[in-house]
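Okay, structure first, notes after.
Chain letters run A, B, ... following the sequence lines, proteins first, then strands; residues in each count from 1.
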Number of protein chains: 2
Amino acid sequence: MATIRDVAKLAGVSVATVSRVINQSGYVNKQTEDKIMKSMRELQYTPNTLARGLANKKTDSIALIIPNITNPFFPELVQAVEDAANRYGYTLLLGNSYNNEENALQYIHIFKNRFVDGVLIFASHQFDSKDLSEIDKIEIPTFVIDKALDNNQIFSAKNRNFMGATMAVEHLQTIGCRHIAHIRGPEKLFPARERFRGYQDALEKTGDFNPSYVENGDFSMESGVEATLRLLDKHPEIDGIFAANDLMAVGSLKALQRQGKKVPDQVALIGYDGIQLLQMFEPEISTIAIPIYDIGNAAVSILIDLINGKENRFGINSNIMDEFEVKLIQRATTTK
Amino acid sequence: MATIRDVAKLAGVSVATVSRVINQSGYVNKQTEDKIMKSMRELQYTPNTLARGLANKKTDSIALIIPNITNPFFPELVQAVEDAANRYGYTLLLGNSYNNEENALQYIHIFKNRFVDGVLIFASHQFDSKDLSEIDKIEIPTFVIDKALDNNQIFSAKNRNFMGATMAVEHLQTIGCRHIAHIRGPEKLFPARERFRGYQDALEKTGDFNPSYVENGDFSMESGVEATLRLLDKHPEIDGIFAANDLMAVGSLKALQRQGKKVPDQVALIGYDGIQLLQMFEPEISTIAIPIYDIGNAAVSILIDLINGKENRFGINSNIMDEFEVKLIQRATTTK
DNA sequence: CTGAAAGCGCTTACAG
DNA sequence: CTGAAAGCGCTTACAG
């Protein structure tokens, strides 16, 4: 592989000058620049990323830490983040934490060791204050997606969970559901709590809230099956189910079909997230879609601003993701 | 961050000696080693990966190029590869080619530029000889998964596609299917061709092969829907469908349900690959499972052998993956 | 506008 | 068994 020295020699200049044109820094005569460009092309020169990183403390790479790539929500996020990163000239490193805070922190260390310029964390984790202060110590720009945090050093974003949940319930009411159940997400996760609040609020407005219509799940497909079976057993009158995420909605459909319930005629169903998977089912499943692609994009762009020191683009601790609207996607499971 | 120089100073030795204990290379007195270890701990020293890579031409990272993380087959592969890589002390970089050879090659260049030690390619691509010679030029150990290639420099692996397909058909026959259709994968892909061959061979044995029972798909869910609708339309007598991959089987189930066909009573269904997704459906879908996790594991281990120069562990061009057996997983769609 | 030189943090012959 | 020194391929003040 050609080095900067080879290019310099061929162009008859010093390596410093070549470096200047590579980085577009400092002045360089147009003609010598042309000469250098030509030499680079001739030698098929590409700068050595490692050497650059060593000298620079910058590697043009960012990392994304997610709970589990096997959860169908995340590939879509990964894709969005990867696309955005590439567009900005960054390479993406990926880490799966398996829903474990320790693993997440360990990955942060690994990535720091690889000198990524910044890290994105999708926090379905519950970082405690000790974890957070550890993340702080990393001293790498870090951006946490979809989680409200109090820590000033770690920016965060979330979507309109409360509002989306309200929309889901009202939609079920609109199509005629009278007994609307909820499969709730894990208590410790902020989005799950918000979605539950939205559900509760909407039903209290019409005087229809019934705590016994709420079953707990853990955002997994299996827990959606279980919760639905319990609901059906306790309350055969239920005619609408709002699952706090799409995966549990999938499980819910499975349980409904297994019990011979007609969907949506006997029981209507809606999820939350908007993953593409929902269209694989018959009937196709309705959902409240969050703009996963846009969120991934925005997260990268914000992270890069952090990297470049424009820390206050959105103001510390502002709820950045509030600018993203959730959207009702009506499909067969709520179309009577 | 502490550097090797800090450690050396604290331990009262030279950086060369510290380097020796880090790399466990050359002789070093047990006592000075202890001193150095202690200093490293005290300073929380971790070697700078970039500097190491520069000096070494080795970064302890490998790359994986896949067609599309959004296809549910791949997260499982990624997970297997990531786990294995970590276990060997390697970090994984990921690239999505979007089924495009150019993108794949571009990623290879990016990764080369990042000095990964090796790259794994899952080739649902059809690399032509020009592409292959380009890959050759990269001069990085490369291992192509699930594809037969003639090129000596690029090792390849595949699973027992022919046999698996035969098993699928025989299974359908065993449960009483008389009119077995096939949704075929893309002609240009080796596994798709092999699976078709297996289907054909099994049916010819009993004199039941009928070319008109074969519809083409492209391994996508949607193509499974379309192919099934065409089959149902042309041949209402069909009572069994073998889809060349799981995603098309999912589409097939969707079409069957939409048309009000009872599965498996009227039409039985089996896929190929063994992705976990299949268990999300009601009824759960049968499949011929390839050991994705084991394959990912083996691919990493082979790649690392290549990196370490043990090129002939399996012999050039041997069909490495032949050691992995496929397995019939009978679920509700083939249980009468 | 351009070049010489030091430095980024390691590794690796080469001496001793 | 250990150290001094050169080298990996860049960038960046500092001079000029």
Looking for any heavy atom pair under 4.0 Å, which part of the strands does A/Phe115 touch: base, sugar-phosphate only, or nothing?
nothing

For A/Gln24 and C/dC1, give me the distance from atom CD to atom P, rounded to whole Å.
15 Å

Integer-rounded Å distance: D/dC8 C1' and B/Asn48 CG
13 Å

Can you tell me how far P of C/dT2 sits from NZ of A/Lys35, to the nearest Å?
8 Å

Distance-minimising heavy-atom pair for A/Asn96 and B/Gln79:
ND2-NE2, 4.2 Å

Calculate the interatomic distance between B/Tyr27 atom OH and D/dG3 atom P; express it in whole Å.
18 Å

Mind checking whether B/Phe122 and B/Phe73 have ring centres under 6.0 Å apart?
yes

Report yes if some heavy atom in the side chain of A/Thr59 is under 4.5 Å from a heavy atom in the side chain of A/Arg52; otherwise report no.
no

OP1 or OP2 of C/dT11 under 4.0 Å from side-chain N/O of B/Asn23
yes

Steps toward side-chain hydrogen bond (donor to acceptor under 3.5 Å, both in side chains) verdict (A/Asn297, A/Ser301):
CA-CA 6 Å; A/Asn297 247 295; A/Ser301 135; over 6 Å; no

Closest nucleotide among C/dT11, C/dG7, D/dT2 to the A/Ala55 side chain:
C/dG7

For A/Asp60 and D/dC10, give me the distance from atom CG to atom P, rounded to whole Å.
14 Å

Between B/Leu50 (CG) and C/dG7 (C1'), how many Å, whole number?
15 Å

So if I take every side-chain heavy atom of B/Ser19 and compare against C/dT2, D/dT11, C/dT11, which nucleotide ends up nearest?
C/dT11

Are OP1 or OP2 of C/dT12 and a side-chain N or O of B/Asn56 less than 4.0 angstrom apart?
yes

Would you mind telling me which residue lines up with the more 5' stretch of DNA chain D, A/Ser25 or B/Lys57, judged by nearest nucleotide?
B/Lys57

Validation row: B/Asp83, B/Arg87 side chains within 4.5 angstrom (heavy atoms)
yes

Mind checking A/Thr32 for me? I need base, sugar-phosphate or nothing, with any heavy atom below 4.0 Å counting as a touch.
sugar-phosphate

Could you state the CZ-C1' distance from B/Arg52 to D/dG7, rounded to the nearest angstrom?
17 Å

Listed by chain and number, what are the side-chain hydrogen bond (donor to acceptor under 3.5 Å, both in side chains) partners of B/Asp60, not counting sequence neighbours?
B/Lys58

From CA spacing to verdict: side-chain contact (heavy atoms from CB on, under 4.5 Å), A/Phe111, A/Ser61:
CA-CA 10 Å; A/Phe111 290 141; A/Ser61 57; over 6 Å; no

Check B/Lys30 with B/Asp34, please: is the shortest side-chain N to carboxylate O separation under 4.0 Å?
yes

Stem ranges for DNA chain C, with three or more consecutive Watson-Crick or G-U pairs under 3.5 Å?
C:1-3 with D:14-16, C:5-12 with D:5-12, C:14-16 with D:1-3

Could you check whether any side-chain heavy atom of B/Phe115 comes within less than 4.5 Å of a side-chain heavy atom of B/Asn56, counting everything from C-beta outward?
no

Please tell me which of A/Ala16 and A/Lys30 maps to the more 5' nucleotide of DNA chain C, matching each residue to the nucleotide holding its nearest heavy atom.
A/Lys30

Residues of residues 2-15 of chain B with any non-hydrogen atom less than 4.0 angstrom from an atom of DNA chain C: list those, numerically ordered, please.
B/Thr3, B/Ile4

May I ask you to test the A/Pro141-A/Asp117 pair for a side-chain heavy-atom distance under 4.5 Å?
no

From CG of B/Asn29 over to P of D/dG3, roughly how many Å is that when rounded to an integer?
11 Å

What nucleotide among C/dT11, C/dT12, D/dG9 has an atom nearest to a side-chain atom of B/Leu54?
D/dG9

With respect to the side chain of A/Ala51, which nucleotide from D/dG9, C/dT12, C/dT2 is positioned closest?
D/dG9

